[in-house]
Peer 1: 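Supplied in structure tokens, the structure appears directly below.
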Amino acid sequence: MRTEGDSWDITSGVGSTALFVAAGRAFASREPDPLASDPFAETFVRAAGPEWEDLLDGLVADHPLTDPGFGTGFQLYLAARTRYFDAFCDAAIESGIRQVVILAAGLDARAYRLSWPDDAVVYELDRAPVLDFKAKALAAAGGMSRARRREVAVDLREDWPRALRDGGFDPSRPTAWLAEGLLPYLPAAAQDRLFESIDALSCRDSRAAVEQTEMLSPAALEEMQSYADQNDHGRAEWVQLIYNEPRNEAAAWFADHGWDAERTEVDAYIRALGRTPPTPDPSASLVTSLISLVTATRS
Ligand SMILES: C[S@@+](CC[C@H](N)C(=O)[O-])C[C@H]1O[C@@H](n2cnc3c(N)ncnc32)[C@H](O)[C@@H]1O
């Protein structure tokens, strides 16, 4: 259960979700023709300790990420969303944007993976222990950022714009904002404040890419819980980490605030990439049909 001001590191609470999705990206990157490839994901996961190394080395018998009911579809969804946000960054750079803010960066390695012009600045926002883990893992692996990368340790439920500005962010320059895998971990009111801050800090030609998940129905929650009760690797604990409450829909919010917004259902995106979306399975807590991707541009 979440509480106001609760905290975490990379292996606990909400922080562990960054490790979980990085492990999913590591598996997805091993596919023969991956939709996206993130070689740094494996580096991060191995740095998290022997049990994570064992998972990558196929030595863990029972884990959601390798469970055919959940893992295969989850890896496909992660690869698709990685590709969507990668394409968003590439298009933003192509349009002349040189300032990028990754909200809840977790173990996002785009500053290291993508091709950035020399004058691009990438701000990575997350809680301090998550950023510390990431910096140590990258330093140990000898990773070199391809963009000017600035870490900003914040709680996104609080006054993060001040910390961002103190870190050198310039609101008079067009910005590309990324919110990937973040919204369900924010209360609905904090999501509204997040959108309001993006809006207030964005000049003309700024862009935002946002992943959003619809609220889980009581029946889906019950099904997940009963699956978790019967299986060691149930993901019911994930439900304890999210704020499953009604919230504003991102495309509508941005459109109402003068942005041009386009929403893509993740399953449609997977199909457009020539793959078959996972079969909805609430018991395995994988319902990609509830997930959509929104890109908004401030004209
Ligand atoms: C599922 S991970 C996604 C990480 C990354 N965006 C990705 O897609 O790989 C969720 C991330 O949100 C961060 N996060 C959630 N709530 C936050 C908050 N209130 N303040 C700062 N970071 C937060 C967590 O620390 C974690 O790194």
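Read the numbers this way: they start at 1 and go in the same order the structure lists the ligands and their atoms. All values below come from the heavy atoms of this structure, side chains included, with hydrogens, waters and symmetry mates left out.
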Peer 1: Considering only non-hydrogen protein atoms, determine which one is nearest to atom 15 (C) of ligand 1 and report residue, atom name and distance to 0.1 Å.
Peer 2: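 Looking only at protein heavy atoms, the one closest to atom 15 (C) of ligand 1 is V14 CG1, 3.5 Å.
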Peer 1: Around atom 14 (N) of ligand 1, find the nearest protein heavy atom and jot down its residue, atom name and distance.
Peer 2: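 Ranking protein heavy atoms by distance from atom 14 (N) of ligand 1, first comes W8 CZ2, 3.8 Å.
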Peer 1: N/O of R25 under 3.5 Å from N/O of ligand 1, yes or no?
Peer 2: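 Yes, at least one N or O pair falls under 3.5 Å.
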Peer 1: Output the list of atoms in ligand 1 that are nearer than 4.0 Å to some heavy atom of V130, sorted by atom number.
Peer 2: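 Heavy-atom distances to V130 below 4.0 Å select 25 (O).
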Peer 1: Judging by distance only, is a nitrogen or oxygen of T17 under 3.5 angstrom from one on ligand 1?
Peer 2: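 Not met; the criterion fails.
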Peer 1: Around atom 8 (O) of ligand 1, find the nearest protein heavy atom and jot down its residue, atom name and distance.
Peer 2: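 Nearest neighbour among protein heavy atoms for atom 8 (O) of ligand 1, to 0.1 Å: R81 NH2, 2.8 Å.
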Peer 1: Quick test of your reading of the model: are R110 and D86 salt-bridged, counting only N-O distances below 4.0 Å?
Peer 2: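 D86 and R110: salt-bridged.
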Peer 1: Assert yes or no for the condition that the ring centre distance of W177 to F169 is strictly below 6.0 Å.
Peer 2: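 Close enough - the centres of the two rings lie under 6.0 Å apart.
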Peer 1: Do L201 and L125 land in one hydrophobic cluster if side-chain heavy atoms of ILVMFWY residues count as linked below 4.5 Å?
Peer 2: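 Linked within one cluster.
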Peer 1: Where on V154 is there a heavy atom closer than 4.0 Å to ligand 1, on the side chain, on the backbone, on both, or on neither?
Peer 2: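 Only the backbone of V154 comes within reach of ligand 1.
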Peer 1: Around atom 19 (N) of ligand 1, find the nearest protein heavy atom and jot down its residue, atom name and distance.
Peer 2: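 In this structure, atom 19 (N) of ligand 1 has D155 OD1, 2.9 Å as its nearest protein heavy atom.
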Peer 1: Is NZ or CZ of R46 both nearer than 6.0 Å to the six-membered ring centre of W52 and within 45° of the ring axis?
Peer 2: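 Judged by the rule (NZ or CZ under 6.0 Å from the ring centre, within 45° of its axis), R46 is not positioned above W52.
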Peer 1: Between R25 and E42, does any NZ, NE, NH1 or NH2 come within less than 4.0 Å of an OD or OE carboxylate oxygen?
Peer 2: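 Judged by the 4.0 Å cut-off on N to carboxylate O distance, E42 and R25 do not form a salt bridge.
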Peer 1: Show me which atoms of ligand 1 lie under 4.0 Å from any heavy atom of G106.
Peer 2: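 Near G106, the atoms of ligand 1 are 4 (C), 27 (O).
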Peer 1: Below 4.0 angstrom, N of the basic side chain to O of the carboxylate: do R165 and D170 qualify?
Peer 2: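 No, this pair does not count.
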Peer 1: In the protein, which heavy atom is nearest to atom 4 (C) of ligand 1, and how far is it?
Peer 2: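 So the nearest neighbour among protein heavy atoms is A104 O, 3.4 Å.
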Peer 1: In terms of ring plane angle, is the pair F74 and F20 parallel, tilted or perpendicular, where the classes change at 30° and 60°?
Peer 2: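 Geometry flag for F20 against F74: tilted rings.
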Peer 1: Select one of side chain, backbone, both or neither to describe which atoms of A105 lie under 4.0 Å from any atom of ligand 1, heavy atoms only.
Peer 2: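 The answer is the backbone.
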Peer 1: Check this for me - ligand 1, V21, N or O atoms closer than 3.5 angstrom, yes or no?
Peer 2: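 Such a contact does not occur with ligand 1.
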Peer 1: Return the orientation label for the F254 and W259 ring planes: parallel under 30°, perpendicular over 60°, tilted otherwise.
Peer 2: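 F254 and W259: perpendicular rings.
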Peer 1: Which heavy atom of the protein is the closest neighbour of atom 26 (C) of ligand 1, given with residue, atom name and distance?
Peer 2: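 Among all protein heavy atoms, the one nearest atom 26 (C) of ligand 1 is D126 OD2, 3.6 Å.
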Peer 1: Report yes if D108 has an N/O atom closer than 3.5 Å to an N/O atom of ligand 1; otherwise report no.
Peer 2: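 In fact, backbone or side chain, D108 has no N or O that close.
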Peer 1: Does ligand 1 come near enough to G181 that some N or O of the ligand is less than 3.5 Å from an N or O of the residue?
Peer 2: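 No, there is no polar N/O contact under 3.5 Å.
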Peer 1: May I ask you to decide if the ring planes of Y269 and Y84 are parallel, tilted or perpendicular, using 30° and 60° as cut-offs?
Peer 2: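 Aromatic pair Y269/Y84 classed perpendicular.
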Peer 1: Which residue and non-hydrogen atom of the protein lie closest to atom 18 (C) of ligand 1, and at what distance in Å?
Peer 2: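 Heavy-atom neighbour on the protein nearest atom 18 (C) of ligand 1: L156 N, 3.5 Å.
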Peer 1: Can any side-chain N or O of R127 pair as donor or acceptor with the backbone N or O of A104 at less than 3.5 Å?
Peer 2: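 Here the side-chain-to-backbone pair does not exist.
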Peer 1: Do S37 and S29 pass the side-chain contact (heavy atoms from CB on, under 4.5 Å) test, and can you show the C-alpha distance, the side-chain angles, and the key distance before you say yes or no?
Peer 2: CA-CA 5 Å; S37 177; S29 301; 4.2 Å; yes
Peer 1: For ligand 1, which atoms have a heavy atom of E180 less than 4.0 angstrom away?
Peer 2: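 Selected atoms, number and element: 3 (C), 5 (C), 6 (N), 8 (O).
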